[in-house]
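First comes the structure, then the notes that go with it.
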There are 2 protein chains.
Amino acid sequence: MSMRQACEATGLSADTLRYYEKIGLLTRVPRSAGGARRYDRRTLEQIRFIQRAKAMRFTLEEIRDLLRFRESPQTSREEVRALARRKQALIREQIEQMAHLEKELQLLLNLCTRSNCGCPILEGLDNKGGGYGS
Amino acid sequence: MSMRQACEATGLSADTLRYYEKIGLLTRVPRSAGGARRYDRRTLEQIRFIQRAKAMRFTLEEIRDLLRFRESPQTSREEVRALARRKQALIREQIEQMAHLEKELQLLLNLCTRSNCGCPILEGLDNKGGGYGS
DNA sequence: CTAGAAGCTGGAGCCGACTCCAGGTCAAGC
DNA sequence: GCTTGACCTGGAGTCGGCTCCAGCTTCTAG
């Protein structure tokens, strides 16, 4: 499978595929006699794996680790599990924080439809007691 | 109030404060005869405003707009409201997506405690049907 | 055999939000 | 007068994840 076909098959750009290879995400990508990449089933599966892991908010660095673990699954179950748990905890934390902000914004917007002098949103950002940290 | 004191009062670094000024977030920061910044009440309020808006996930560019709106509140209520609504929608969307991922991860982790051959997380990333988009 | 498309490489540029640095200025204390 | 420390400026570097580019080579169709 040519570069072009791989791009069509995955929806990624040639630059992205070459970038993934450059940073060591894709390993052992076969070449034609002239040096062009020939994507085989193995590499395509790696690419799909990367795309799914990205959708799960793993960073490229984490995905590189996951792909390594994938090469020797029996020795690495615990590590994979730990990575997944860390990611889950992070996501939970972010959800919680964002749910809080969403409520806050809703509150300001509600005020906004009622008040008819001043702007409660700007005032909310002016006055709020403590702040949430960064 | 000196730079040092402003840093202590806000928890921001001198570089960050100078950066905020450079990109036009902080305007009309007064100077001493020698050219040193003298943070007054007005500027400090701007800084607090920025910190709260950042906590609400507004970007620095959006905050710059909010600060401008803040200068002429009566003419800009609708714009502020629109900005807040867009931000809220974005946050909701992200919460939804992350809640989905969180569930997905939980599922894989549950499988993981049960199965005793192979790694369900890696396999989950291998096999999943569609993918979630980017 | 040749034109044009597709691919290659190494390296630079982009985004947002800083962070760091060199080299210069200024104010206060000894 | 000299050191020390806070501050100044403009500009470069950082991070992650690409994206774009110039200047080649290789492949494919006519």
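Reminder, nothing fancy here: chain letters follow the sequence lines and each chain counts from 1.
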*Do the non-hydrogen side-chain atoms of Leu17(A) and Cys7(A) ever get within less than 4.5 Å of each other?*
yes
*Rounded to the Å, how far apart are Arg4(A) CZ and dT28(D) C1'?*
13 Å
*Could you tell me whether a side-chain N or O of Lys87(A) sits under 3.5 Å from a main-chain N or O of Phe58(A), the two making a donor and an acceptor?*
no
*Please determine if a side-chain N or O atom of Arg64(A) lies less than 4.0 Å away from the OP1 or OP2 oxygen of dG16(D).*
no
_So Ser32(B), base contact, sugar-phosphate only, or nothing? Heavy-atom distance under 4.0 Å._
nothing
*asked:* I'd like to know whether Gln97(A) forms a side-chain hydrogen bond (donor to acceptor under 3.5 Å, both in side chains) with Arg57(B), so could you lay out the CA-CA distance, the side-chain angles of the two residues, the decisive distance to 0.1 Å, and finally the verdict.
replied: CA-CA 10 Å; Gln97(A) 198 215 348; Arg57(B) 300 237 160 185; 3.2 Å; yes
*Just call it for Arg38(B): base, sugar-phosphate, or nothing, with non-hydrogen atoms closer than 4.0 Å on any strand.*
nothing
*Got Pro30(B) and Arg37(B) here, is their nearest side-chain heavy-atom distance under 4.5 Å?*
no
_Can you list, in residue-number order, the parts of residues 5-27 of chain A that come under 4.0 Å of DNA chain C, counting heavy atoms only?_
Arg18(A), Lys22(A)
*Between Glu21(B) (side chain) and Val29(B) (backbone), is there a donor-acceptor pair under 3.5 Å?*
no
_Atom-to-atom span, CE of Met1(B) to C1' of dC7(D) - whole angstrom_ = 16 Å
_Min side-chain heavy-atom separation Gln106(A)-Arg92(B) under 4.5 Å_ = yes
*Tell me: CZ of Arg31(B) to C1' of dT25(C), nearest whole Å?*
14 Å
*Can you tell which of dG16(C), dG7(C), dG16(D) lies closest to the side chain of Glu61(A)?*
dG16(D)
*Just to confirm, is there a sub-4.0 Å distance from OP1 or OP2 of dT9(C) to any side-chain nitrogen or oxygen of Arg37(A)?*
yes
*Distance in angstrom units between Glu62(B) CD and dG16(C) P, rounded*: 11 Å
*dG17(D) C1' sits how many Å from Phe58(A) CZ, rounded?*
18 Å
*How close or far is atom P of dA17(C) from atom CZ of Arg57(B), stated in whole angstroms?*
12 Å
